[in-house]
Every structure is written in C-alpha cells, then in structure tokens.
> 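Before I ask anything, here is the structure I am working with.
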Amino acid sequence: SAHEDDYDYLYKVVLVGDATVGKTHLLSRYIKGSLPKNPTATIGVEFATRTVPLAVGGTVKAQIWDTAGQERYRAITSAHYRRAVGALLVYDITREGTFKSCAKWMEELRQSAEPDIVIMLVGNKVDLVEKDPSLRQVYYDAAQEFAKLHGLIFAEASAVTAHNVKYAFEHLLQEIYEQT
Ligand code: GDP
Ligand code: MG
C-alpha cells in the first residue's frame with residue numbers, strides 16, 4: 001500500500017555500537033537516501049520510521065532508534081532498548097577496538113531489550129578498505145565467526161557508498177518476522 005500508516009507489524013529496532021562507527025550515517029542513508037547534513041548530530045528525532053514490504057507479503061513498519069551520542073559515555077538509557085525486537089550492532093572495520101566492544105554491546109542488548117532480540121552485526125566503512133586494503137583491522141572471516149558463535153546475522157556495509165545498507169536493515173526486518 002502507498003499509505004505509510006498501513007502496516008501489519010510494528011518493529012522497534014535500535015542502533016548500537018561505539019561512537020563514530022557510522023550509526024547515524026547508516027540510518028540517514030537508509031531513511032533519507034542521503035548522508036546527514038549535520039554530521040555530528042543524530043537524525044534529529046528519537047527514532048525514524050520506514051514501512052517496508054515483506055517477501056512473504058504484508059508490510060512492516062520499522063521504528064528505528066538512533067542514539068544521541070550517549071554511547072560515548074556508555075550511558076544509553078533503558079528507554080532506548082525497551083521493547084526492541086531488533087538491533088543493528090555496528091562496528092568500524094578500520095578500528096579493531098570497535099569490534100572488540102561488540103561483545104559488551106551484545107550483552108547490554110540481551111539484558112535491556114527483548115531477550116530474544118534479533119541482531120544484525122554490521123561492519124561499516126567498507127569503502128575505506130576498498131580504497132586502501134591496509135586500513136582493514138577486522139577481517140571478514142573473524143566477524144563472521146563471531147556472528148555465528150553468538151547467533152547474529154552479519155554484513156559488511158558502507159553508509160558512504162550505500163553498499164549493503166538497504167540489505168542490512170531489511171534482512172534484519174525479514175529475520176524478525178521469521179523468528180517471531
Ligand atoms: P555514530 O557516532 O556511530 O553515529 O557515527 P556517525 O554516523 O556520526 O559517523 C561518524 C564518522 O564516520 C563521520 O565522520 C562520518 O562521516 C564517518 N562515516 C560514517 N559512515 C561511514 C562510511 O560508511 N564510510 C566512511 N568512509 N566514513 C563513514
Ligand atoms: Mg550518531
């Protein structure tokens with residue numbers, strides 16, 4: 001349907017991951033099709049929504065929550081996580097520390113969101129590595145292994161080139177549908 005308010009399922013999805021991994025850029029790329037105009041800010045609201053069709057028919061309205069930079073201080077409030085059924089857990093493939101943090105973010109998600117939350121692990125900034133392979137600090141296979149071990153779905157993406165951005169969000173929505 002062309003009407004934004006017609007949907008069959010409403011899913012709350014949260015963005016998590018260390019500061020500056022590209023969460024706000026990924027969300028802006030997905031929702032607006034462009035990069036944020038004020039790159040230091042959040043998308044401007046607590047959450048953004050997009051209604052997407054499911055492969056099996058029917059539509060999902062995704063309510064996607066960005067952080068306002070509180071991840072810098074590890075001070076994300078419980079309201080961010082409350083009743084979230086999906087998460088994009090983002091790291092930067094050029095900074096190993098942001099990948100190491102994923103275990104901690106995953107624990108926080110499983111404690112503060114719905115216990116069976118579906119998590120899409122996203123290795124962002126793949127464009128940087130395409131230009132200069134020596135910038136890569138997190139190997140694809142290592143991340144895939146981590147994802148497999150913890151039951152996450154996984155993709156590498158780039159908010160700058162839009163590579164895999166739509167896939168990351170919509171594959172997550174599809175998985176939530178299939179698992180609930
Ligand atoms: P957040 O703190 O996780 O929300 O990260 P932001 O979305 O604010 O992005 C932090 C910085 O990373 C900004 O300088 C962006 O321009 C940059 N950035 C975000 N996504 C990408 C990407 O896919 N590729 C590149 N090269 N830079 C990115
Ligand atoms: Mg941000």
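Just follow the structure's listing: the first ligand is 1, and inside any ligand the first atom is 1. Only a predicted model underlies this, so the values are computations on that prediction, with no experimental measurement involved.
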> Checking the N or O distance criterion of under 3.5 Å, is ligand 1 in contact with A19?
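N/O-N/O distance below 3.5 Å does not exist for this pair.
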
> Which word best sums up how the rings of H150 and F146 line up, parallel for under 30°, tilted for 30 to 60°, or perpendicular for over 60°?
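Judged by the thresholds at 30° and 60°, the geometry between H150 and F146 is tilted.
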
> Which of the atoms of ligand 1 are close to T24, meaning less than 4.0 Å from one of its heavy atoms?
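Under 4.0 Å from T24, ligand 1 has these atoms: 4 (O), 7 (O).
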
> Suppose I only count heavy atoms of N124 and a 4.0 Å limit; which atoms of ligand 1 are within that range?
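It comes down to these atoms of ligand 1: 20 (N), 21 (C), 22 (C), 23 (O).
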
> Would you check whether D66 has a nitrogen or oxygen atom less than 3.5 angstrom from a nitrogen or oxygen atom of ligand 1?
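In this structure, D66 places no N or O atom under 3.5 Å from an N or O of ligand 1.
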
> Would I119 and M106 satisfy side-chain contact (heavy atoms from CB on, under 4.5 Å), going step by step from the backbone distance to the final call?
CA-CA 8 Å; I119 302 171; M106 223 175 48; 3.9 Å; yes

> My understanding is that we take every heavy atom of each candidate and find the minimum distance to atom 12 (O) of ligand 1. Doing that for K125, H25, H163, E130, which one comes out nearest?
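Among K125, H25, H163, E130, the closest heavy atom to atom 12 (O) of ligand 1 comes from K125.
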
> To which of L27, V21, V160 does the heavy atom nearest atom 22 (C) of ligand 1 belong?
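Considering heavy atoms of L27, V21, V160, the nearest to atom 22 (C) of ligand 1 sits in V160.
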
> Look at T24 and state whether any of its N, O or S atoms is less than 2.8 Å from the Mg ion (ligand 2).
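Checking the Mg ion (ligand 2) against T24, an N, O or S atom does fall under 2.8 Å.
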
> Answer yes or no: is there an ion pair linking D18 with K104, defined by an N-O contact shorter than 4.0 Å?
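Yes.
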
> Could you give all pairs that pass the side chain to side chain donor-acceptor pair (under 3.5 Å) test and reach residues 83-95, with sequence neighbours left out?
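Counting only pairs at least two positions apart or across chains, the side chain to side chain donor-acceptor pair (under 3.5 Å) contacts touching residues 83-95 are T20-R95, D92-T94, D92-R95, D92-K125.
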
> Applying side-chain contact (heavy atoms from CB on, under 4.5 Å), run through R29 and L35 and close with a yes or a no.
CA-CA 5 Å; R29 172 63 78 193; L35 297 176; 3.9 Å; yes

> Within ligand 1, which atoms have a heavy atom of L128 less than 4.0 Å away?
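Per the distance check, 26 (N).
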
> If the condition is ring pair (Phe, Tyr, Trp, His ring centres under 6.0 Å), which residues does Y177 pass it with, not counting sequence neighbours?
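Y9.
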
